Amino acid sequence: CPVLPRIEFADVTAETYALGTKLYYKCDSGYTRRSSQYEGIQCQRTDQDAYWIYKKFECIDKKILLSTAPTMELDITQASERKTQSPAPQKRENLSEFDQKNFCGPPKTIPHASLRPSKQYYLGQVLHFKCQSGYDKRPPTSGTRRCQKVNDKIIWTHLDMRCTNDS
């Protein structure tokens, strides 16, 4: 898809991601990625379904890294508890059979981490826009754009929303 035009004072989210999409986790402030763990995930497909490929990824409190042995013992306990948790199920109830084979649902959440927004989008991708908190909102205050093919040209559909700070 073409580069997504920037919408001032709006946040962008997606509920589904096309095959081939790569996303990356980023640890929140005060946390760091455990060494040698890869932060990337990718949407891939089997014959029946699209799914995210995950590698082990964990964000740990920076204070734990600087502490002494008793805290390290606590860290080991926390790690073993996390291994027993099952990954968050992907939201699939509203996807058509075609979409289930060609789009992954939302990625699982990881404690103390957030996903960096993707800069690369694929045909069929739907993005949701919402005005950021603290800005004057002119109706409509939210909307969607879809990457689609029209007359052999790949375009983003029109977004009819405006968020301003009136300054």
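From a predicted model like this one, the values you see are computed outputs, not experimental measurements.
In this structure, Q44 CD and D49 CG are separated by 13.0 Å, a value rounded to the nearest 0.5 Å. In this structure, CD on E15 lies 11.0 Å from CG on L127, to the nearest 0.5 angstrom. Remark: L115 CG to I41 CD1 distance equals 5.5 Å, nearest 0.5 Å. The line from CE of M161 to CZ of F129 is 8.0 Å long, rounded to the nearest 0.5 Å. Note: T144 OG1 to H128 NE2 = 6.5 Å, rounded to the nearest 0.5 Å. Interatomic distance, Y122 OH to C147 SG, rounded to the nearest 0.5 Å: 11.0 Å.
Without hydrogens or angle criteria, W52 side chain to C104 main chain gives no donor-acceptor distance under 3.5 Å. In this structure, T157 contributes its side chain and R146 its backbone to a donor-acceptor pair below 3.5 Å. Formation of a donor-acceptor pair under 3.5 Å by the N151 side chain with backbone atoms of K153 is not found in this model. Remark: the backbone N or O of T16 is paired with a side-chain donor or acceptor of Q125 at under 3.5 angstrom.
Of the charged side-chain nitrogens involved, none lies within less than 4.0 Å of a carboxylate oxygen, so that R33 and E58 do not count as a salt-bridged pair.
The side-chain contact (heavy atoms from CB on, under 4.5 Å) check on S114 picks up D28, with sequence neighbours excluded. By the side-chain contact (heavy atoms from CB on, under 4.5 Å) test, L19 pairs with C43, R45, A50, N102, sequence neighbours left out. The side-chain contact (heavy atoms from CB on, under 4.5 Å) check on K22 picks up Y24, Q42, with sequence neighbours excluded.
Hydrophobic clustering (side-chain heavy atoms under 4.5 Å, transitive across Ile, Leu, Val, Met, Phe, Trp, Tyr) keeps V12 apart from V126.
What you find for C27 and Y31 is that their closest heavy atoms are CB-O, 3.6 Å. Between K149 and D152, the shortest heavy-atom distance links the atoms CE-CA, 3.9 Å. Nearest heavy-atom pair across Y17 and G105 is CD1-O, 4.0 Å.
Looking at heavy atoms from C-beta onward, I154 lies in side-chain contact with L123 at the 4.5 angstrom threshold. Under the 4.5 Å side-chain criterion, counting only non-hydrogen atoms from C-beta, Y25 is in contact with P107. Side-chain contact between Y54 and Y38: absent, with no pair of heavy atoms (C-beta onward) separated by less than 4.5 Å.
Taking the six-membered ring where tryptophan is involved, the planes of W156 and Y121 are perpendicular, since the angle between them exceeds 60° and thus also 30°.
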